[in-house]
Amino acid sequence: MSLVVQKWNELAEVKAELAARDWFFATSGNLSIKVTNDPLTFLVTASGKDKRKQTDEDFLLVDGDGNPAEDTHLKPSAETLLHVEIYRRTKAGCVLHVHTVDNNLISDVYAQNGEAVFSGQEIIKAFGIWEENAAVRIPIIDNDADIPTLAAKFAKHVDGDTGAVLIHNHGITVWGRDAFEVKKHLEAWEFLFRWQVKRLLLQRAGLPVG
Ligand SMILES: CSCCC(=O)C(=O)COP(=O)(O)O
Ligand SMILES: [Zn+2]
(Lines give C-alpha, C1' and ligand atoms only; values in the text may rest on other atoms or scores of the structure.)
(Ligands and ions follow the chains in the order given, each with its own letter.)
Protein backbone atom coordinates (compact mmCIF):
# COMPACT_ATOMS: atom_id res chain seq x y z
CA MET A 1 0.00 0.00 0.00
CA SER A 2 1.43 3.42 -0.94
CA LEU A 3 2.11 6.00 1.79
CA VAL A 4 -0.62 8.28 0.42
CA VAL A 5 -3.20 5.49 0.56
CA GLN A 6 -2.07 4.55 4.06
CA LYS A 7 -2.44 8.16 5.25
CA TRP A 8 -5.73 8.55 3.38
CA ASN A 9 -7.16 5.54 5.26
CA GLU A 10 -5.87 6.85 8.57
CA LEU A 11 -7.51 10.25 8.05
CA ALA A 12 -10.72 8.65 6.74
CA GLU A 13 -10.97 6.63 9.95
CA VAL A 14 -10.64 9.74 12.14
CA LYS A 15 -13.13 11.59 9.95
CA ALA A 16 -15.67 8.76 10.35
CA GLU A 17 -15.23 8.84 14.14
CA LEU A 18 -15.75 12.61 14.33
CA ALA A 19 -18.77 12.25 12.03
CA ALA A 20 -20.20 9.63 14.40
CA ARG A 21 -19.91 12.25 17.15
CA ASP A 22 -21.88 14.64 14.92
CA TRP A 23 -19.11 17.23 14.89
CA PHE A 24 -19.49 18.23 11.21
CA PHE A 25 -22.54 20.51 11.15
CA ALA A 26 -23.49 22.07 7.82
CA THR A 27 -20.25 21.14 5.96
CA SER A 28 -18.12 22.74 8.69
CA GLY A 29 -14.78 21.27 9.75
CA ASN A 30 -11.56 20.31 8.03
CA LEU A 31 -8.92 17.68 8.66
CA SER A 32 -5.43 16.95 7.41
CA ILE A 33 -2.62 14.45 7.76
CA LYS A 34 1.02 14.87 6.80
CA VAL A 35 2.31 12.56 4.07
CA THR A 36 5.92 13.69 3.48
CA ASN A 37 8.31 16.05 5.26
CA ASP A 38 10.69 17.02 2.50
CA PRO A 39 9.05 18.34 0.45
CA LEU A 40 6.10 18.97 2.76
CA THR A 41 2.91 17.38 1.45
CA PHE A 42 -0.30 16.61 3.27
CA LEU A 43 -3.79 15.31 2.59
CA VAL A 44 -6.52 17.83 3.43
CA THR A 45 -10.30 17.68 3.18
CA ALA A 46 -11.83 19.09 0.02
CA SER A 47 -13.66 22.37 0.61
CA GLY A 48 -17.42 22.59 1.06
CA LYS A 49 -18.13 18.85 1.28
CA ASP A 50 -20.39 17.17 3.80
CA LYS A 51 -17.66 15.65 5.97
CA ARG A 52 -20.07 13.06 7.35
CA LYS A 53 -20.07 11.34 3.95
CA GLN A 54 -17.27 8.99 2.88
CA THR A 55 -16.29 9.35 -0.80
CA ASP A 56 -13.26 8.99 -3.08
CA GLU A 57 -13.10 12.79 -3.24
CA ASP A 58 -12.88 13.49 0.48
CA PHE A 59 -9.20 14.51 0.45
CA LEU A 60 -6.62 15.92 -1.89
CA LEU A 61 -2.85 16.10 -1.67
CA VAL A 62 -1.43 19.61 -1.25
CA ASP A 63 2.08 21.05 -1.12
CA GLY A 64 3.76 23.14 1.57
CA ASP A 65 1.90 26.26 0.40
CA GLY A 66 -1.45 24.50 0.57
CA ASN A 67 -1.85 24.27 -3.21
CA PRO A 68 -2.92 21.01 -4.92
CA ALA A 69 0.13 18.83 -5.52
CA GLU A 70 -1.63 16.91 -8.31
CA ASP A 71 -4.10 17.67 -11.08
CA THR A 72 -7.59 17.80 -9.54
CA HIS A 73 -10.91 19.57 -9.79
CA LEU A 74 -11.12 19.55 -5.98
CA LYS A 75 -10.48 22.67 -3.92
CA PRO A 76 -8.50 22.35 -0.70
CA SER A 77 -10.26 23.45 2.49
CA ALA A 78 -10.71 27.22 2.70
CA GLU A 79 -8.74 27.01 5.97
CA THR A 80 -5.78 25.05 4.57
CA LEU A 81 -3.42 27.94 5.41
CA LEU A 82 -3.94 27.25 9.11
CA HIS A 83 -2.83 23.66 8.54
CA VAL A 84 0.16 24.96 6.56
CA GLU A 85 1.24 27.12 9.52
CA ILE A 86 1.18 24.08 11.81
CA TYR A 87 3.13 21.74 9.51
CA ARG A 88 5.73 24.41 8.72
CA ARG A 89 6.34 25.34 12.36
CA THR A 90 6.10 22.00 14.16
CA LYS A 91 6.56 18.25 13.76
CA ALA A 92 2.79 17.73 13.95
CA GLY A 93 1.44 14.88 11.83
CA CYS A 94 -2.30 15.56 11.91
CA VAL A 95 -4.64 18.56 12.31
CA LEU A 96 -8.36 18.51 13.17
CA HIS A 97 -10.79 21.44 13.06
CA VAL A 98 -14.42 21.17 14.18
CA HIS A 99 -17.26 23.56 14.95
CA THR A 100 -19.36 22.47 17.93
CA VAL A 101 -21.97 24.38 19.91
CA ASP A 102 -19.89 23.97 23.06
CA ASN A 103 -16.60 25.14 21.56
CA ASN A 104 -18.39 28.17 20.11
CA LEU A 105 -19.98 29.00 23.48
CA ILE A 106 -16.69 28.71 25.36
CA SER A 107 -14.93 30.84 22.72
CA ASP A 108 -17.56 33.52 23.29
CA VAL A 109 -17.83 33.40 27.09
CA TYR A 110 -14.02 33.80 27.49
CA ALA A 111 -13.24 35.87 24.38
CA GLN A 112 -12.39 38.94 26.48
CA ASN A 113 -9.75 36.97 28.41
CA GLY A 114 -8.07 35.79 25.21
CA GLU A 115 -7.98 32.26 26.64
CA ALA A 116 -10.02 29.68 28.51
CA VAL A 117 -8.50 27.86 31.49
CA PHE A 118 -9.62 24.53 32.93
CA SER A 119 -8.52 22.72 36.07
CA GLY A 120 -9.63 20.08 38.53
CA GLN A 121 -10.61 17.54 35.90
CA GLU A 122 -9.23 14.01 35.56
CA ILE A 123 -9.50 14.23 31.74
CA ILE A 124 -6.56 16.70 31.73
CA LYS A 125 -4.38 13.57 31.96
CA ALA A 126 -5.31 12.98 28.29
CA PHE A 127 -2.87 15.84 27.53
CA GLY A 128 -0.09 13.91 29.27
CA ILE A 129 -0.28 16.16 32.36
CA TRP A 130 -0.35 14.07 35.52
CA GLU A 131 0.14 16.65 38.29
CA GLU A 132 -2.49 17.14 40.97
CA ASN A 133 -4.71 20.17 40.20
CA ALA A 134 -3.10 20.78 36.81
CA ALA A 135 -4.56 23.51 34.63
CA VAL A 136 -4.75 23.67 30.84
CA ARG A 137 -5.31 26.81 28.81
CA ILE A 138 -6.42 27.34 25.25
CA PRO A 139 -5.94 30.65 23.44
CA ILE A 140 -8.93 32.35 21.80
CA ILE A 141 -8.35 34.43 18.68
CA ASP A 142 -10.67 36.67 16.66
CA ASN A 143 -12.36 35.08 13.69
CA ASP A 144 -11.01 37.05 10.74
CA ALA A 145 -12.83 36.45 7.44
CA ASP A 146 -9.58 36.99 5.55
CA ILE A 147 -7.85 33.62 5.85
CA PRO A 148 -4.23 34.85 5.44
CA THR A 149 -4.90 37.35 8.29
CA LEU A 150 -6.53 34.63 10.38
CA ALA A 151 -3.61 32.28 9.67
CA ALA A 152 -1.09 34.96 10.75
CA LYS A 153 -2.94 35.51 14.07
CA PHE A 154 -3.27 31.76 14.52
CA ALA A 155 0.45 31.17 13.84
CA LYS A 156 1.39 33.18 16.95
CA HIS A 157 -0.01 30.32 19.05
CA VAL A 158 1.64 27.50 17.13
CA ASP A 159 4.75 26.73 19.17
CA GLY A 160 4.76 23.01 19.84
CA ASP A 161 4.13 19.65 18.22
CA THR A 162 0.80 19.49 20.04
CA GLY A 163 -1.55 22.37 20.64
CA ALA A 164 -4.98 23.88 20.15
CA VAL A 165 -6.55 27.25 19.40
CA LEU A 166 -10.16 28.40 19.68
CA ILE A 167 -11.37 30.77 16.98
CA HIS A 168 -14.07 33.06 18.35
CA ASN A 169 -17.59 31.91 17.40
CA HIS A 170 -16.07 29.59 14.83
CA GLY A 171 -14.41 26.42 16.15
CA ILE A 172 -11.34 24.67 17.48
CA THR A 173 -8.18 23.66 15.62
CA VAL A 174 -6.10 20.97 17.32
CA TRP A 175 -2.84 19.42 16.21
CA GLY A 176 -0.70 16.54 17.40
CA ARG A 177 2.12 14.23 16.45
CA ASP A 178 -0.26 11.65 14.97
CA ALA A 179 -3.94 10.99 14.38
CA PHE A 180 -4.37 9.07 17.64
CA GLU A 181 -2.91 11.87 19.74
CA VAL A 182 -4.78 14.71 18.08
CA LYS A 183 -8.12 12.91 18.28
CA LYS A 184 -7.53 12.21 21.98
CA HIS A 185 -6.75 15.88 22.59
CA LEU A 186 -9.75 17.07 20.60
CA GLU A 187 -12.03 14.78 22.61
CA ALA A 188 -10.51 16.01 25.87
CA TRP A 189 -11.02 19.66 24.89
CA GLU A 190 -14.61 19.03 23.86
CA PHE A 191 -15.23 17.21 27.17
CA LEU A 192 -13.90 20.24 29.06
CA PHE A 193 -16.01 22.66 26.99
CA ARG A 194 -19.20 20.65 27.51
CA TRP A 195 -18.46 20.27 31.22
CA GLN A 196 -17.86 23.99 31.66
CA VAL A 197 -20.96 25.04 29.72
CA LYS A 198 -23.14 22.75 31.85
CA ARG A 199 -21.38 23.89 35.00
CA LEU A 200 -22.03 27.56 34.21
CA LEU A 201 -25.71 26.81 33.63
CA LEU A 202 -25.99 24.88 36.90
CA GLN A 203 -24.24 27.70 38.75
CA ARG A 204 -26.68 30.15 37.17
CA ALA A 205 -29.54 27.99 38.41
CA GLY A 206 -28.10 28.26 41.92
CA LEU A 207 -27.05 24.62 42.18
CA PRO A 208 -23.98 23.81 44.28
CA VAL A 209 -21.29 22.98 41.70
CA GLY A 210 -17.65 23.65 42.54
C1 LIG B 1 -20.05 26.13 6.66
S2 LIG B 1 -18.70 26.32 7.74
C3 LIG B 1 -17.74 27.66 7.02
C4 LIG B 1 -16.35 27.25 6.57
C5 LIG B 1 -15.59 26.64 7.71
O6 LIG B 1 -15.37 27.29 8.72
C7 LIG B 1 -15.15 25.27 7.68
O8 LIG B 1 -14.63 24.75 8.65
C9 LIG B 1 -15.31 24.42 6.45
O10 LIG B 1 -14.67 24.97 5.36
P11 LIG B 1 -13.99 24.00 4.26
O12 LIG B 1 -13.55 24.92 3.17
O13 LIG B 1 -12.87 23.32 4.97
O14 LIG B 1 -15.05 23.03 3.84
ZN1 LIG C 1 -14.12 26.28 10.21
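Atoms within a ligand are numbered from 1 in the order they appear, just like the ligands themselves.
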At what distance, to the nearest 0.5 angstrom, does [atom1] of [X] lie from [atom2] of [Y]?
X	Y	atom1	atom2	answer
Leu18	Glu13	CG	CD	11.0 Å
Leu74	Asp56	CG	CG	10.5 Å
Asp102	Phe191	CG	CZ	11.5 Å

- Query: Restricting to N, O or S atoms of His97, which is nearest to the Zn ion (ligand 2)?
  - Reply: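 Nearest N/O/S atom: NE2.
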- Basic-acidic side-chain contact under 4.0 Å: Arg88, Asp65: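 The answer is yes: the pair qualifies as a salt bridge.
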- Sequence neighbours excluded, every pair satisfying ring-ring contact (aromatic ring centres under 6.0 Å, His included) that has a member inside residues 19-47: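 Non-adjacent pairs meeting ring-ring contact (aromatic ring centres under 6.0 Å, His included): Phe42-Tyr87.
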Ligand-protein N/O pairs under 3.5 Å (ligand 1):
| unit_1 | atom_1 | unit_2 | atom_2 | d |
| --- | --- | --- | --- | --- |
| ligand 1 | 6 (O) | Glu79 | OE2 | 2.7 |
| ligand 1 | 6 (O) | His99 | NE2 | 3.1 |
| ligand 1 | 6 (O) | His170 | NE2 | 3.1 |
| ligand 1 | 8 (O) | Gly29 | N | 3.0 |
| ligand 1 | 8 (O) | Asn30 | ND2 | 3.2 |
| ligand 1 | 8 (O) | Glu79 | OE1 | 3.3 |
| ligand 1 | 8 (O) | His97 | NE2 | 3.3 |
| ligand 1 | 8 (O) | His99 | NE2 | 3.1 |
| ligand 1 | 12 (O) | Ser47 | OG | 2.6 |
| ligand 1 | 12 (O) | Ala78 | N | 2.8 |
| ligand 1 | 13 (O) | Asn30 | ND2 | 3.0 |
| ligand 1 | 13 (O) | Ser77 | OG | 2.6 |
| ligand 1 | 14 (O) | Gly48 | N | 2.8 |
| ligand 1 | 14 (O) | Lys51 | NZ | 2.5 |

- Are Val44 and Phe59 grouped together when hydrophobic residues (ILVMFWY) are joined by side-chain heavy atoms under 4.5 angstrom apart?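 As far as the 4.5 Å side-chain criterion goes, Phe59 and Val44 are not connected within one cluster.
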- Item | Angle at the Zn ion (ligand 2) (to 10°), with one arm to OE1 of Glu79 and the other to NE2 of His170 |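 Roughly 100°, rounded to 10°.
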- Any idea which heavy atoms bring Ser47 and Pro76 closest together, and the distance?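 Nearest heavy atoms, Ser47 then Pro76: CB-O, 3.4 Å.
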